[in-house]
Novice: 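Can you read through this structure? Questions will come right after.
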Amino acid sequence: MMINQLKQFVPSSVCLQCDGCCRVELADSPWRPKVGQQEIQDGVDQAGYVKTIPQGDRHQCVFFNKTDNTCGIYGQRPFECALYPFVLSNSSRGLEMYMHLACPYVQQHQLSQELQEHAAYLKEFFSRPETKAYLKNNNRLLHDYTSHNQELQFLFTVEV
Ligand code: SF4
């Protein structure tokens, strides 16, 4: 499965201590993960977003275990979840890779060699024929984050 081939940038020990991901402020937030057509379909709404449930003053993904901060479908989680804190944006400029500046780990490492190396790894990963085929077959993952550019930093153009 494609997500098992994708190396994670943020160590799980860091993610498990963070209260950012998997929860959004608004029920219709554009930051809810989008799910590809060939990915898990249970718990996904008609627009292709993971469903959320109210939790305090936020909305959490239906798959999120708030007791231990884990994903209930980790091995089958959407590709967008596995890719985060990197974000694919498909706009009139073409398909581009960004990093999400809201992620605390990105904020701490955005000028680091580690991040530059991971960006180079992602560039190679997205040039692979199997990745291109995956995106073609799951083109719901290709949506436009242009209106959130103030939270994003451009990394590279993805050739499709
Ligand atoms: S599917 Fe898993 S990783 Fe993705 S938002 Fe839901 S709980 Fe988080």
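One-based numbering, in listed order, for ligands and for the atoms of each. Here the structure is a predicted model, which means the values were calculated and not measured.
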Novice: Assess the side chains of Y49 and E80: does a donor N or O sit below 3.5 Å from an acceptor N or O?
Specialist: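 The answer is no; no qualifying pair exists.
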
Novice: Among C18, P85, C15, find the one that has a side-chain contact (heavy atoms from CB on, under 4.5 Å) with C103.
Specialist: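 That would be P85.
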
Novice: For atom 4 (Fe) of ligand 1, check which protein N, O or S atoms are under 2.8 Å away and list them.
Specialist: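 Correct list: C81 SG.
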
Novice: Does one side chain, of E39 or Y134, offer a donor that lies under 3.5 Å from an acceptor on the other?
Specialist: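 There is such a pair between these side chains.
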
Novice: Report the distance from atom CD of Q60 to atom CD1 of I53, rounding to the nearest 0.5 Å.
Specialist: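 Result: 4.5 Å between the selected atoms.
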
Novice: Judged by modelled atom types alone, do Y145 and H143 share a side-chain donor-acceptor pair under 3.5 Å?
Specialist: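 A pair is found: one side chain offers a donor N or O, the other an acceptor, under 3.5 Å apart.
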
Novice: In terms of side-chain heavy atoms, does N65 have a donor or acceptor partner in T70 at a distance below 3.5 Å?
Specialist: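 There is such a pair between these side chains.
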
